[in-house]
Amino acid sequence: MKYTGKNHIILIGWSAKSILAIEEIVKSDKKIDIVIIDDVEKVPIMAERLFYVRGNASDEKTLLDANLPKATGVIIFADQITQDNYARKDPLLVDGKTLLIATAITTIEERYHKSIHVTAEVIHQNHIPLFKHVKVDEFIPTEEMISHAAVRSLFSHGVTHMFSELMSTQYEEAMYEIPKQPEWLTYRDAFFDLLGKGATLVADRGDLQINQKLDDKIPEDAQLFVICDKDTLDQLNKNKIQ
């Protein structure tokens with residue numbers, strides 16, 4: 001089938017990770033459509049606002065059937081079958097398939113003059129430079145993240161619980177992106193204003209050194225992240241609208 005909606009999220013690759021991703025998306029936004037692309041014969045699961053496009057995700061026609069040009073974002077999961085059967089023989093096969101899919105997405109973005117946020121799971125972090133000619137906004141290096149988290153849990157007990165809480169909306173507090181407000185000239189302005197509203201400013205993009213440069217001016221293209229609960233986030237967004 002072809003998907004004709006817009007502002008949807010596309011998940012490429014069906015696996016247990018896809019199911020968890022769907023659950024997390026629904027918790028974050030119950031009104032957003034989710035389109036799954038895979039080559040399994042039957043629809044993986046049936047649910048409201050969940051659509052399935054069967055085909056090869058590196059094929060432009062399949063991506064267009066999922067209405068990629070009008071999507072909000074794409075997540076490319078490492079191919080589970082290739083990962084299970086061949087990764088030990090040749091680890092390039094899994095990330096190589098992800099690269100082909102990312103290349104097809106980039107081609108469509110350039111043709112339609114669209115910018116779509118793409119997150120890709122890679123098995124090995126040292127393969128990320130291979131993606132330099134395609135547009136992938138964020139990488140999730142599976143093996144390295146698992147290894148780092150496991151080691152940190154030994155030296156800082158309970159740290160993995162903190163990571164889980166910050167990354168998932170199922171907990172009371174999580175990390176959210178918020179827009180820069182006109183009245184915030186410096187990080188100090190933003191930090192104390194947000195603190196008084198129940199949110200803690202922790203980063204600008206990947207920069208976690210906010211507390212060491214509070215008097216620096218916030219750039220116009222800043223991407224600010226805070227830790228707060230959902231009610232506080234809703235209130236911040238409400239104030240922004242007003």
Is a side-chain donor-acceptor pair under 3.5 Å present for D65 with T62?
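No, D65 and T62 have no side-chain donor paired with an acceptor closer than 3.5 Å.
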Is there a side-chain contact between [X] and [Y], using heavy atoms and a 4.5 Å cut-off?
X	Y	result
Y176	L236	no
I10	I116	no
I19	E23	yes
D204	P219	yes
D221	R205	yes
L50	I22	yes

Under a 4.0 Å threshold between the charged nitrogen and the carboxylate oxygen, would R54 count as salt-bridged to D39?
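Yes, D39 and R54 are salt-bridged.
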For V202 and M175, work out which heavy atoms get closest and say how close.
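For V202 versus M175, the nearest heavy atoms are CG2-CE, 4.0 Å.
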Spatial distance of atom [atom1] ([X]) from atom [atom2] ([Y]) [nearest 0.5 Å]:
X	Y	atom1	atom2	answer
K213	D207	NZ	CG	3.5 Å
I12	I75	CD1	CD1	10.0 Å
L224	F191	CG	CZ	12.5 Å
F51	N67	CZ	CG	11.5 Å

May I ask you to decide if the ring planes of Y3 and H8 are parallel, tilted or perpendicular, using 30° and 60° as cut-offs?
tilted
Of E121, K17, Q125, H124, which meets side chain to side chain donor-acceptor pair (under 3.5 Å) against T142?
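Only one of E121, K17, Q125, H124 forms a side chain to side chain donor-acceptor pair (under 3.5 Å) with T142, namely E121.
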Check the surroundings of atom NZ in K135: do more than 12 heavy atoms from other residues, nucleotides or ligands lie under 6.0 Å from it?
yes
Could you walk me through whether Y112 and L68 pass the side-chain contact (heavy atoms from CB on, under 4.5 Å) test, one step at a time?
CA-CA 10 Å; Y112 286 83; L68 174 69; over 6 Å; no
In one Ile/Leu/Val/Met/Phe/Trp/Tyr side-chain cluster, 4.5 Å: V74, I108:
yes
